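Here the structure comes first, spelled out in structure tokens, and everything after it is commentary.
This is a predicted model, so every value here is computed, not measured.
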Amino acid sequence: MIEDRHIFALERAPEASDIDELGHVNNAVYVRWIQDIAVAHWRAVAPKPFVDAVVWVVTRHEIDYRRPSLLGETLRLRTWVGTPKGARFDRFVEISGDDQKVRVAATTTWALVDPASRRPLRITDAMVAPFMQAASA
């Protein structure tokens, strides 16, 4: 239930370089935006000692491309996290247009890693707490 989660939002306006030969945002651009909003959310909400001490890596993307996004549109990206499981955390992203219709819905699994050893780390309650507080989107 996302009502008990911190929802983080950004806006993006596709640039000409984001558009593919079919005239809409390229799927690879959505993947970049999914990563960008995840990193921005982490840096905005997590306590600085955690941000400085750990690294997140993607282990899985599941993306549903529902509608095309076009040059000239303003898109709203929203993200929130699921429930951690050991070193893994699911993150949800929706990208919507001015019409409020979802263009892309994604679930991405991230793993917490120690940057020195490159080994997975268990996610602690202290890391999760800031992401479990309700906030308006």
Side-chain angles (χ1 to χ4, degrees):
M1 173 188 307
I2 68 170
E3 291 81 25
D4 66 345
R5 309 295 186 201
H6 181 276
I7 299 173
F8 185 77
L10 294 174
E11 288 188 349
R12 288 285 186 264
E15 298 178 9
S17 61
D18 297 329
I19 305 301
D20 64 17
E21 60 275 354
L22 296 174
H24 55 69
V25 172
N26 186 287
N27 292 358
V29 173
Y30 289 122
V31 173
R32 185 180 75 230
W33 290 347
I34 289 165
Q35 178 170 319
D36 290 350
I37 194 170
V39 170
H41 188 202
W42 170 249
R43 290 181 179 159
V45 176
K48 186 159 175 35
F50 295 135
V51 172
D52 293 341
V54 298
V55 174
W56 290 94
V57 297
V58 174
T59 62
R60 182 173 191 273
H61 283 296
E62 180 179 331
I63 304 172
D64 294 320
Y65 301 98
R66 297 185 180 167
R67 290 177 177 76
S69 299
L70 308 172
L71 193 62
E73 291 188 278
T74 300
L75 303 172
R76 181 176 170 105
L77 288 66
R78 296 174 63 226
T79 190
W80 61 94
V81 297
T83 303
K85 297 174 189 120
R88 295 191 186 327
F89 220 144
D90 284 342
R91 174 174 289 282
F92 304 92
V93 176
E94 287 183 348
I95 301 175
S96 302
D98 292 330
D99 59 3
Q100 308 302 314
K101 292 182 179 177
V102 175
R103 304 304 178 27
V104 171
T107 303
T108 302
T109 303
W110 292 78
L112 185 64
V113 174
D114 177 293
S117 70
R118 297 187 179 183
R119 297 188 54 89
L121 295 171
R122 181 167 293 281
I123 299 166
T124 67
D125 290 342
M127 289 177 186
V128 172
F131 295 90
M132 299 301 172
Q133 300 169 1
S136 61

Hydrophobic clustering (ILVMFWY, side-chain heavy atoms < 4.5 Å, transitive) - are [Y] and [X] grouped together?
X    : Y    : answer
V45  : V128 : yes
V51  : M127 : yes
V39  : L75  : no
F50  : M132 : yes
V113 : V54  : no

Kindly give the heavy-atom pair with the smallest separation between [X] and [Y], and that separation in Å.
X    : Y    : answer
P115 : A53  : CD-O, 3.2 Å
L71  : I19  : N-CD1, 3.8 Å
R78  : I7   : NH2-CD1, 3.4 Å
G23  : L70  : O-CD2, 3.4 Å
S69  : R103 : OG-CG, 3.4 Å
P68  : E73  : O-OE1, 4.2 Å

Using side-chain heavy atoms (C-beta onward) and a distance below 4.5 Å, is [X] in contact with [Y]?
X    : Y    : result
V104 : W33  : no
R12  : D36  : yes
D20  : H24  : yes
E94  : W80  : yes
R5   : T83  : yes
W110 : V81  : no
V93  : T108 : no

Got a second to check how far [X]'s [atom1] is from [Y]'s [atom2], nearest 0.5 Å?
X   : Y    : atom1 : atom2 : result
T74 : D98  : OG1   : CG    : 5.0 Å
W56 : L112 : CH2   : CG    : 4.5 Å
H6  : T79  : NE2   : OG1   : 10.5 Å
R88 : T59  : CZ    : OG1   : 4.5 Å
Y30 : I63  : OH    : CD1   : 10.5 Å
I37 : R32  : CD1   : CZ    : 13.5 Å

Taking the six-membered ring for Trp, are F131 and W42 parallel (under 30°), tilted (30 to 60°) or perpendicular (over 60°)? parallel

Counting distance only, does the side-chain N/O of [X] pair as donor-acceptor with the main-chain N or O of [Y] below 3.5 Å?
X    : Y    : answer
R67  : V102 : yes
D64  : R66  : no
T107 : F92  : no
R76  : S96  : no
D18  : E15  : yes

Run the numbers on R118 and V55 for side chain to side chain contact (heavy atoms under 4.5 Å, CB included), then give the verdict. CA-CA 9 Å; R118 297 187 179 183; V55 174; over 6 Å; no

